[in-house]
A.B. asks: 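This is the structure, below, for whatever I ask next.
Sequence lines set the chain letters: A, B, ... in the order given, protein chains first and strands last, and positions in each chain run from 1.
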Amino acid sequence: MANNEVQNQSLIEKLQLIDRRIIFVFIACAVVIPLLVGATMEEETTPIVQAFFDYVENLPEDSRVLLSFDYGPTTAPEIQPMADAIVRHCAERKCKLYMMAVWATGHNLTGETIVNVLNPEFPDYKYGEEYVNLGYKAGNQGLIRLLLVDFKRMYSTDAAGTAIDSIPMMENINNLKNFDLIVSFGGGFPGIKEWVLYAGDPGNVPVGGGCTAVSAPLLYPYYPNQLIGLLGGAKGAAEYENALITAYPQYENKRMAGMSLMVSQTVSHMVIIFFIIFGNVLYFLHRSKQKANGIEGGQS
Amino acid sequence: MVFTVSLFMVIQYFVPLDSWAWMYQYLIDWTIIIGVFALLLGIWSLLRVNWGKISRRSENWGYAVITLVGLFVMLIFGFFPGGGNLNNYVYEHFFFYILVPIQATMFSLLAFFIASAAFRAFRARSVLATLLLIAGLVIMIRFVPMGPLSEPISDLASWILKVPNLAAKRAIIIGIGLGAVATALKIMLGIERAYLGRD
Amino acid sequence: MSKTKMTAWVVFAFVIIAFAVSVALKGALVTVGAFLTLFIFSFLYKDNPYYKFAEHLFVGVSAAYWMCMGFWGTMVPNLFGKLYPPMVGGVLPALKDNPAEPFMIIPLILGILLLMRLAPNAGWISRWALAFIVGTTAGLNLVRYLRSDFIQQINNTTFSLYISSAAGFDFGQTMSNIVIFIGVLCGLIYFFFSKEHKGAFGAGARVGIIVLMVTFGASFGYTVMARISLLVGRMQFLFGDWLGMIK
Amino acid sequence: MKYILPGFLVALLLLMALSVTAIAQEQDETVGEDVDTLMQPIEQEPPPKPVITAGEDRPNDNGHKLTIYWDYPQEATGKIDYFEVYRAESPDGEFKLRGTSPSNYFEYFDIGDSDENAEDYLENDKDLYYKVVAVVEDGPSSESDVAGPYHAVGQWFHTGKVPVMIAVIIFAMFTIYFIQSARKGKDLFVRPLAGIEAVDEAIGRATEMGKPILYVLGIGTAADIATIASFTILGRVAKKVAEYQTDLIVPCYDAIVMSVAQDVVKSAYLEAGRPDQYSDDQVFFVTNAQFAYVAGVNGIMVRDLPATNFYLGYFAAESLILAETGNSIGAIQIAGTDQVTQIPFFVVACDYTLIGEELYAASAYLGRDPLLLGSLKAEDWGKAIFMVLLAFGVLAVAFGWEGFREIVRVNL
């Protein structure tokens, strides 16, 4: 009997000191399997995302949409899926896309969206006629204020250095009021808040945004009066993708970055939580055993 | 020396004139340049240690050869580039196909380590450890679909991030600020001299 | 030949064959990246020759990389280019006609002083350079920390505890502000060094450490998401870019 | 003596209150109303002329900037599209367009470049003349009279930074005062810190096991405060290590840090009377790429199997990689950093963690040097002042005196 006790206890102890490589295997599986099977998670679209989607959905053809890429590589895994989804949607609606950045790091990421989404999926989109990459300009919120008054004073060329007046789609753009929608990706400074305060509100231009999960709570208060909608974190991206698939079934078999990221995230969080709870259960079992065995057991 | 330059740096903060800004810019430039000289010392140390391993034929000396080969190949192509820029084929490809993937992979090891650390340390051993555990769980559990419970949990999570988190970070930052100022003062006054190698 | 040695050779042969196949099928560049990625991941199992290889290569290449960056990015334009612009005219034509800045002789001298430590009996000279660097940044830190970490924080924490919104008295927000206020005070009490933590002061310190612990747990839990994203990125590289298993 | 410090506090508050009244008056608040989005029908008559009222140098800068103010009838703002602002170097010289301002915004902030060779260089102390044009896009515009001369000047003192200066002075006085009193031999109490008390035990353990000690200074430069604090601790640790004749491994990320660390360790060995035990191979450079450094240190850990790891200094994302690898080899780990984002990881994965300021304090603790302990006391007083100001501020705001926040604002 006593012997049995000791064995039990040592099993619990062994499990408590479980080889961490077992945890590693679980984490690797949690990330890899969803990627390989292409699992996606149905994220029910919440009103704040649906409102954004509906707004884009109801834009007439040739509407002018300004996309500002205000984030860096560190937050790219979270935000890039949103940018991709919204660019897809706008391109489906045949909107004209004007891409710019108030973050220096945003410029490269703009290129990524163009190369990965716009060029392969919408080969009809011609540079200078349906989309343009204006690149980064310094000045933070000051830049936004200037753009509200005079767009071409700051953007005299596009990112490649082509004179702005030789780009056909820039012809009727004089200030931010000429746009039908402004979308800012990134919740840092400057970001969505600055777009709302210095462009959306004074110029009466609708503004929508996509930001990391961290900054989302700070921006919720602007919806619905000052923001038409907001995507928060990978979840927001997944919700938008869900709405997109509902409306455009051709995307059903397309891999959606936000949705698959959400699966990996959820599963790995669950794995970690499981191990934490498992560890605590073992710990309490161990302690109650110790108590039952008296002080002697407690020291073994 | 220390006192003069540091006093200048303090005073320049309050003087917005151009001439002072120039001097400030010069000082900063100089520290950066001296840093590059120091890199030579670093390379020297690296050579010394690895050469020592090879000449002693100590355990794993073969890997020291790999370090030195990597170092020299990169240095040779870095210093004899076509026209003074670093856009030569070998240098760029070493960067993109050796440095970048290893770096990103090292960084991603954190995903594993964060899990094993959580398993090991998040145990309800004491009141404080329990608090650590609960706060961590509440934040992580947001990702798990929980039906009707989801809403209150995500509210609680964002409250923790907004309120106690803010308070604690602020307290730490203020402490760090004061400690840093005190250390800077000690350096200026010559009380803290450990950085000069004697104490 | 012992059994472990045997296994090691089998693994080695397998890695070489896999490498060759991959080069043939997917091209050399992506293969090198993928194998180095796998070598690093192998450390999670245990230390092994493949990790050692990647590690040592990484150290050597990165040290040289930063040396070259420092040389071409700083020394050439900012030191040589300013001391004697025609010297760098060949590589940086834009700088050729700038006036020379004789002041730049000072960092050159300090830099050489720093290198003097390699000489056996002149090591002490290098302390001048160290004193310069540390002095400059100490002064800079003094004002910077006081401004952003002290004065600015008072400003940020001085808010109204009592919040009323359009809907009337906002209980939740008021409570939150009170918690922040008390949290900051108690957190600071915890950091007091010259007073014993007992009595009311000790209780304050206790509350302080509780707030700190909640924060640490929360930050830890919060970071999990970002780290998983990094791993997803690597896995996408391995299974997508390299193996082509992800559509 | 007892009343001097509280007296200081009162004096500080008064001083701040005085300085703030000056600052508060200087602040102009000009808030633009909503821009009228509807274009007005074309007016044939030209709109009224703007009247330039002032051209002021912006305070607290290096010059090269001027703010131009003008008056315009409020009811006419709807008729015009925007204002254009022109500048010239003489009243009848060539006027160049500087920029535009929305129709409801009666000021323009002319930001010139401070570089002589730049295209829009704005010279200090030079006569400059301005005119403002009220522009109607589809009709006649009207031009103001030329106004000036205005000057941009650089200032010798940034008044917005007064609170910082006061804080610097007060804090320096505290530090010097307490260091002086420590010099006189006044005994100062410091509370125990678990992480510090574990240092001796950790070194002893390594000695018993016959294993080396790993000391990681982090990825900061020699000028980071955290690294400097870590040098002092390294000195103490090295001295103990030399006494116990244990091995010490110090891999470095920054070459200057390496040089300093070599000096520190060398003199610690000298102090312990064992200069012959020291070699430059103990304190060496790895590389200054963040993750390559981590890979190298990880390798050292799993191959040399240190019994004790110190991670003291500036750390970024690598903190957890190091701490988890160290844990897997069963080392005792003592960590400390001032990087707020990394503290949680050390707390979770290490045996002892010095949180933020405790790292700076550690050098004083280990040395028991009265001078260093004196500065700890000054830090505590700094915290006390902060707490008083905070409580005072919250009360002030509660009673509706927003002016307090102005006192502690740094106007940039």
Side-chain angles (χ1 to χ4, degrees), chain B residues 10 13-18 20-21 31 34-35 38-46 48-49 52 59-60 99 102-107 109-110 112-114 116-118 120-122 132 169 172-176 178-187 189 191-192 194-199, chain D residues 60-63 114 154-158 161 164-165 168 171-172 175 179 222 225 228-229 231-232 235 255-256 258-260 263-264 266-267 280-281 284-285 287-289 291-292 294-295 303 317 320-321 324 338 340 343 345 348-349 355-357 360-361 363 371-372 375 378-379 382-383 386:
Chain B
V10 173
Y13 177 77
F14 299 102
V15 181
L17 284 182
D18 275 339
W20 285 68
T31 56
I34 298 171
L39 265 180
L40 284 175
L41 286 180
I43 300 282
W44 172 253
S45 165
L46 192 69
R48 215 183 105 102
V49 169
E59 205 188 343
N60 292 328
L99 284 185
I102 302 186
Q103 194 170 319
T105 314
M106 283 303 296
F107 202 177
L109 289 183
L110 277 169
F112 297 104
F113 287 145
I114 209 168
S116 65
R120 191 162 38 78
F122 280 17
L132 192 77
K169 290 214 163 121
I172 297 175
I173 287 174
I174 292 160
I176 288 171
L178 282 170
V181 171
T183 313
L185 268 174
K186 283 187 277 182
I187 292 169
L189 299 173
I191 299 170
E192 174 95 56
Y195 65 92
L196 290 181
R198 41 197 150 145
D199 84 93
Chain D
N60 296 328
D61 62 10
N62 57 351
S114 59
Q155 277 81 28
W156 269 99
F157 186 73
H158 193 307
K161 291 173 176 174
V164 179
M165 193 178 71
V168 168
F171 200 75
T175 311
I179 287 174
I225 303 283
I228 291 174
F231 285 143
T232 318
I256 296 182
M258 176 203 71
S259 321
V260 177
D263 284 354
V264 169
K266 202 191 277 177
S267 43
D280 270 356
D281 290 348
F284 55 90
F285 175 78
T287 172
N288 58 348
F291 287 103
V294 182
R303 275 153 235 153
L320 189 65
I321 304 185
E324 273 298 290
D338 60 354
V340 182
I343 296 171
F345 301 109
V348 165
I355 302 167
E357 196 187 358
Y360 306 145
S363 60
L371 299 184
L372 295 175
S375 70
E379 280 175 45
K383 273 170 276 189
F386 184 92

A.B. asks: Quick one: of B:Glu59, B:Met106, B:Lys169, who has the most non-hydrogen atom pairs under 4.5 Å with chain D?
C.D. replies: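 Between B:Glu59, B:Met106, B:Lys169, the count favours B:Met106.
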A.B. asks: Quick one, B:Phe107 with D:Ile321, criterion side chain to side chain contact (heavy atoms under 4.5 Å, CB included). Give me CA distance, side-chain angles, the key distance, then yes/no.
C.D. replies: CA-CA 8 Å; B:Phe107 202 177; D:Ile321 304 185; 5.7 Å; no
A.B. asks: Can you tell which part of D:Ala292 gets under 4.5 Å to a heavy atom of chain B, answering side chain, backbone, both or neither?
C.D. replies: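 Answer is neither: D:Ala292 stays 4.5 Å or more from chain B.
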A.B. asks: B:Phe122 versus D:Val348: any side-chain heavy-atom pair under 4.5 Å?
C.D. replies: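 Yes; the side chains approach each other to less than 4.5 Å.
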A.B. asks: If you count heavy-atom pairs under 4.5 Å with chain D, which of B:Ile114, B:Leu109, B:Leu132 comes out on top?
C.D. replies: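 The answer is B:Ile114.
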A.B. asks: Please classify the contact of B:Phe112 with chain D as side chain, backbone, both or neither, using a heavy-atom distance under 4.5 Å.
C.D. replies: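 For B:Phe112, no heavy atom lies under 4.5 Å from chain D.
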A.B. asks: Which answer fits B:Leu40, side chain, backbone, both or neither, if we ask what part of it has an atom under 4.5 Å from a heavy atom of chain D?
C.D. replies: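 Neither the backbone nor the side chain of B:Leu40 comes within 4.5 Å of chain D.
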A.B. asks: Taking all non-hydrogen atoms of both residues, which atom of B:Gly42 and which atom of D:Ala255 are closest, and how far apart?
C.D. replies: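 Between these two residues, the closest heavy atoms are N-CB, 3.8 Å.
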A.B. asks: Tell me the closest heavy-atom pair linking D:Ile256 and B:Ala38, and the distance in Å.
C.D. replies: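 Minimum heavy-atom separation between D:Ile256 and B:Ala38: CG1-CB, 3.1 Å.
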A.B. asks: Check whether B:Ile102 gets within reach of chain D through its side chain, its backbone, both or neither, counting any heavy atom under 4.5 Å.
C.D. replies: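 Answer is neither: B:Ile102 stays 4.5 Å or more from chain D.
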A.B. asks: In terms of heavy-atom proximity below 4.5 Å to chain B, should D:Asp280 be classed as side chain, backbone, both, or neither?
C.D. replies: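 Backbone plus side chain of D:Asp280, per the 4.5 Å heavy-atom cut-off to chain B.
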A.B. asks: If I take atom OH from residue D:Tyr360 and atom CG from residue B:Leu178, how far apart are they, to the nearest 0.5 angstrom?
C.D. replies: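 Here the rounded value is 10.5 Å.
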A.B. asks: For each of B:Ala182, B:Ser116, B:Ala104, B:Ala180, tally heavy-atom pairs with chain D at distances under 4.5 Å, and name the one with the top tally.
C.D. replies: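 Highest number of pairs under 4.5 Å: B:Ala180.
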A.B. asks: Under a 4.5 Å cutoff for heavy-atom pairs, which residue among B:Leu99, B:Leu46, B:Ile172 has the most contacts with chain D?
C.D. replies: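 Highest number of pairs under 4.5 Å: B:Leu46.
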A.B. asks: For B:Leu41, which atoms come within 4.5 Å of any heavy atom of chain D: side chain, backbone, both, or neither?
C.D. replies: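 Contact with chain D: backbone and side chain both.
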A.B. asks: Do you know which of B:Arg120, B:Arg48, B:Gln103, B:Lys186 has the most heavy-atom pairs with chain D at a distance under 4.5 angstrom?
C.D. replies: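 If we count pairs closer than 4.5 Å to chain D, B:Arg120 comes out on top.
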A.B. asks: Of the non-hydrogen atoms in D:Leu320 and B:Ala117, which two are nearest, and what is the gap between them?
C.D. replies: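 Heavy atoms of D:Leu320 and B:Ala117 come nearest at CD1-CB, 4.1 Å.
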A.B. asks: Can you tell which part of D:Ala378 gets under 4.5 Å to a heavy atom of chain B, answering side chain, backbone, both or neither?
C.D. replies: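 No part of it gets close to chain B.
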A.B. asks: To the nearest 0.5 Å, how far apart are CD in D:Glu357 and CD1 in D:Ile225?
C.D. replies: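 It comes to 12.5 Å.
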A.B. asks: Could you give the distance from OG1 (D:Thr175) to CG (B:Leu185), rounded to the nearest 0.5 Å?
C.D. replies: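 Separation between the atoms: 5.0 Å.
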